[in-house]
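I have placed the structure first, in the form of structure tokens, so that the comments after it can refer back to it.
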Amino acid sequence: MKLANALRAATALTVMSTGAVFADTITIATVNNGDMIRMQGYTDDFTAKTGHEVEWVTLEENVLRQRVTTDITTKGGAFDIMTIGMYETPIWGANGWLVPLDDLSAEYDVDDILPAMRAGLSHDGTLYAAPFYGESSMIMYRTDLMEKAGLEMPEAPTWQFIREAAAAMTDRGNEINGICLRGKAGWGEGGAFITVTANSFGARWFDEEWNAQFDQPEWAEALNFFVGMMEESGPPGYATNGFNENLSLFQQGKCGMWIDATVAASFVTNPDDSTVADKVGFALAPNSEGVEKKSNWLWAWALAIPAGSQKVDIAKEFIEWATSKEYIELVAAKEGWANVPPGARTSLYENENYQGVPFAKMTLDSIQAADPTNPTVKPVPYVGIQFVAIPEFAGIATEVSQEFSAAYAGQQSVEEALEKAQAITNDAMEAAGYR
């Protein structure tokens, strides 16, 4: 008996010791938007299932991009998982900077990821990041203000209609701005927005020989239109507004329209956060009259493992948990189907519960309408809609967006901003050997 008890005690000690060895902590860098912050609130579910703890580093979008880029290029090893997107993933995967996600479990069902998301997060057919959510962009608007203005939102409006409607909905005395749009510097903030806007006016970043195109009339038309509309109907200080700032304005009832990421729909229609939750309609992103290209983008905030992580197996466990069908069901059970992370899985859009969400179809239609391989009216040597998928783009576009934001703030003219953008871009491309 004594021997048996001793063996049992030894076995229990071994199990406890083994559990202690395998329980670990991973560090995740992420962006400070609503869906990613919501995920942090459910981390206890992951810990309960696996025993592993999670430390979060939550950063503003521009800062996140700087931190993770610096860490991965210097092999700093600060993070076990990084929140990145469709721009970084194929480039970093090709460089060997990310761990391939080619061995996720059968239960995870990689094939259920929407094809557009899977393609954008892969290199040479290998998945290097898993989408927590996917998005395009669309118009969110106040149905009550549109009705008051005597207008009706088309399902596929033009920029010219949007400008007219914005002016009609603007009520400065009551702090209502007809339209709220990104002007904040940063390639993925205001830079992304003005790029897709320019696409819809027939502009492009480069011609087929990698010559910058900011000296062409399409860019002048797009930028002058944007600045004119925002001066007429936008909020004060729009040059420093990004996603989060405009979300806050819209939720407070201070925007007639907001054109931005489809993922925002759940936040503007959530009565716990939005004062106008029951007065929101949706429409496709606009095009300019006579131009077929719409100003919508394609993006995913996704989870990837830097090649320098010493905790790859645990990181994969977390990614499977956070981007799974089961996680979607967890959020739905706690907060309702309207608040689950959208745009990543086919099965979500086949779910009858989700089909009843008012913005579900518009989100899927917007995602499916985005074509990164054919982003512009005139031919280009690159892929990407709100970005150009080359390593040099982030640095170039950040500088260009700073010049544009200076024009939005009235610190220089549109013409001066475009002239500087042309020089910045051509100089950088020549130095990089493209020209």
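This structure is a prediction, so every number in the text was calculated from the model and none was measured.
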For [X], is the [atom1] atom crowded, meaning more than 12 foreign heavy atoms sit under 6.0 Å from it?
{"X": "Glu152", "atom1": "CD", "answer": "no"}
{"X": "Glu147", "atom1": "CD", "answer": "no"}
{"X": "Gln160", "atom1": "CD", "answer": "yes"}
{"X": "Glu419", "atom1": "CD", "answer": "no"}
{"X": "Arg38", "atom1": "CZ", "answer": "yes"}

How many angstroms lie between [atom1] in [X] and [atom2] in [Y], if you round to the nearest 0.5 Å?
{"X": "Thr197", "Y": "Asn287", "atom1": "OG1", "atom2": "CG", "value": "11.5 Å"}
{"X": "Leu64", "Y": "Asn32", "atom1": "CG", "atom2": "CG", "value": "8.5 Å"}
{"X": "Leu247", "Y": "Gln252", "atom1": "CG", "atom2": "CD", "value": "9.5 Å"}
{"X": "Leu114", "Y": "Leu364", "atom1": "CG", "atom2": "CG", "value": "6.5 Å"}
{"X": "Arg142", "Y": "Met153", "atom1": "CZ", "atom2": "CE", "value": "13.0 Å"}
{"X": "Tyr128", "Y": "His123", "atom1": "OH", "atom2": "NE2", "value": "6.0 Å"}

So, does [X] use its side chain to make a donor-acceptor pair with the main chain of [Y] at under 3.5 Å?
{"X": "Thr83", "Y": "Ala29", "result": "yes"}
{"X": "Lys420", "Y": "Glu399", "result": "no"}
{"X": "Asn241", "Y": "Asn246", "result": "no"}
{"X": "Ser122", "Y": "Gly125", "result": "no"}
{"X": "Ser309", "Y": "Pro306", "result": "no"}
{"X": "Ser200", "Y": "Lys293", "result": "no"}
{"X": "Ser274", "Y": "Pro271", "result": "no"}
{"X": "Ser324", "Y": "Tyr108", "result": "no"}
{"X": "Asp112", "Y": "Ser347", "result": "yes"}
{"X": "Asn270", "Y": "Asp272", "result": "yes"}

Using the test side chain to side chain donor-acceptor pair (under 3.5 Å), find all partners of Lys334 that sit at least two apart in sequence or belong to another chain.
none
The criterion is side chain to side chain donor-acceptor pair (under 3.5 Å); which residues satisfy it with Gln251, sequence neighbours excluded?
none
Taking side chain as C-beta onward, heavy atoms only, is [X] less than 4.5 Å from [Y]?
{"X": "Phe318", "Y": "Leu303", "value": "yes"}
{"X": "Phe404", "Y": "Phe226", "value": "no"}
{"X": "Phe206", "Y": "Thr425", "value": "yes"}
{"X": "Met230", "Y": "Pro235", "value": "yes"}
{"X": "Asn33", "Y": "Glu61", "value": "no"}
{"X": "Ile26", "Y": "Glu317", "value": "no"}
{"X": "Asp80", "Y": "Ile28", "value": "no"}
{"X": "Asn211", "Y": "Arg435", "value": "yes"}

So, are Arg67 and Asp71 salt-bridged, with charged N and O less than 4.0 Å apart?
no
Without placing hydrogens or testing angles, list every side-chain donor-acceptor pair under 3.5 Å for residues 377-396, not counting sequence neighbours.
| unit_1 | atom_1 | unit_2 | atom_2 | d |
| --- | --- | --- | --- | --- |
| Lys378 | NZ | Glu218 | OE2 | 3.0 |
| Tyr382 | OH | Trp205 | N | 3.1 |
| Gln386 | NE2 | Leu298 | O | 3.1 |
| Glu392 | OE1 | Tyr434 | OH | 2.7 |

Tabulate below the donor-acceptor pairs under 3.5 Å that side-chain atoms of residues 179-194 make, not counting sequence neighbours, or state none.
| unit_1 | atom_1 | unit_2 | atom_2 | d |
| --- | --- | --- | --- | --- |
| Arg182 | NE | Asp260 | OD1 | 3.3 |
| Arg182 | NE | Asp260 | OD2 | 2.8 |
| Arg182 | NH1 | Gly188 | O | 3.0 |
| Arg182 | NH2 | Asp260 | OD1 | 2.6 |
| Lys184 | NZ | Glu60 | OE2 | 3.0 |
| Lys184 | NZ | Glu245 | OE2 | 3.4 |
| Glu189 | OE1 | Phe243 | N | 3.3 |

Do Phe250 and Phe267 make the cut of ring centroids closer than 6.0 angstrom?
no
Assert yes or no for the condition that the ring centre distance of Trp301 to Phe132 is strictly below 6.0 Å.
no
Option from Asn199, Val196, Leu284 for which side-chain contact (heavy atoms from CB on, under 4.5 Å) with Lys294 holds:
Leu284
Hey, could you give me each pair passing ring pair (Phe, Tyr, Trp, His ring centres under 6.0 Å) that has a residue in residues 337-365? Not counting sequence neighbours.
Phe282-Phe359, Tyr349-Tyr354
Quick one: closest heavy-atom pair of [X] and [Y], and the distance?
{"X": "Met140", "Y": "Ala265", "answer": "SD-N, 4.1 Å"}
{"X": "Asp215", "Y": "Gln422", "answer": "N-OE1, 3.2 Å"}
{"X": "Pro342", "Y": "Asp35", "answer": "CD-OD2, 4.4 Å"}
{"X": "Ala417", "Y": "Glu403", "answer": "CB-O, 3.6 Å"}
{"X": "Ile113", "Y": "Pro131", "answer": "CG2-CG, 3.7 Å"}
{"X": "Pro157", "Y": "Ile162", "answer": "CG-CD1, 4.1 Å"}

Parallel, tilted or perpendicular: rings of Phe46 and Trp321 (30°, 60°):
tilted
Between [X] and [Y]: side-chain donor-acceptor atoms closer than 3.5 Å:
{"X": "Glu350", "Y": "Thr346", "answer": "no"}
{"X": "Thr240", "Y": "Tyr408", "answer": "no"}
{"X": "Thr126", "Y": "Asp124", "answer": "no"}

Residues Trp159, Ser295; criterion side-chain contact (heavy atoms from CB on, under 4.5 Å); working and verdict
CA-CA 9 Å; Trp159 274 115; Ser295 52; 3.5 Å; yes
Full working for side-chain contact (heavy atoms from CB on, under 4.5 Å) between Thr143 and Tyr141:
CA-CA 6 Å; Thr143 54; Tyr141 67 96; 3.8 Å; yes
Steps toward side-chain contact (heavy atoms from CB on, under 4.5 Å) verdict (Val276, Val268)
CA-CA 7 Å; Val276 296; Val268 298; 5.8 Å; no
Using a 3.5 Å cut-off and no angle test, enumerate the donor-acceptor pairs between side-chain atoms of residues 88-102 and protein atoms at least two apart in sequence or in another chain.
| unit_1 | atom_1 | unit_2 | atom_2 | d |
| --- | --- | --- | --- | --- |
| Glu88 | OE1 | Gly85 | N | 2.9 |
| Thr89 | OG1 | Gly85 | O | 2.7 |

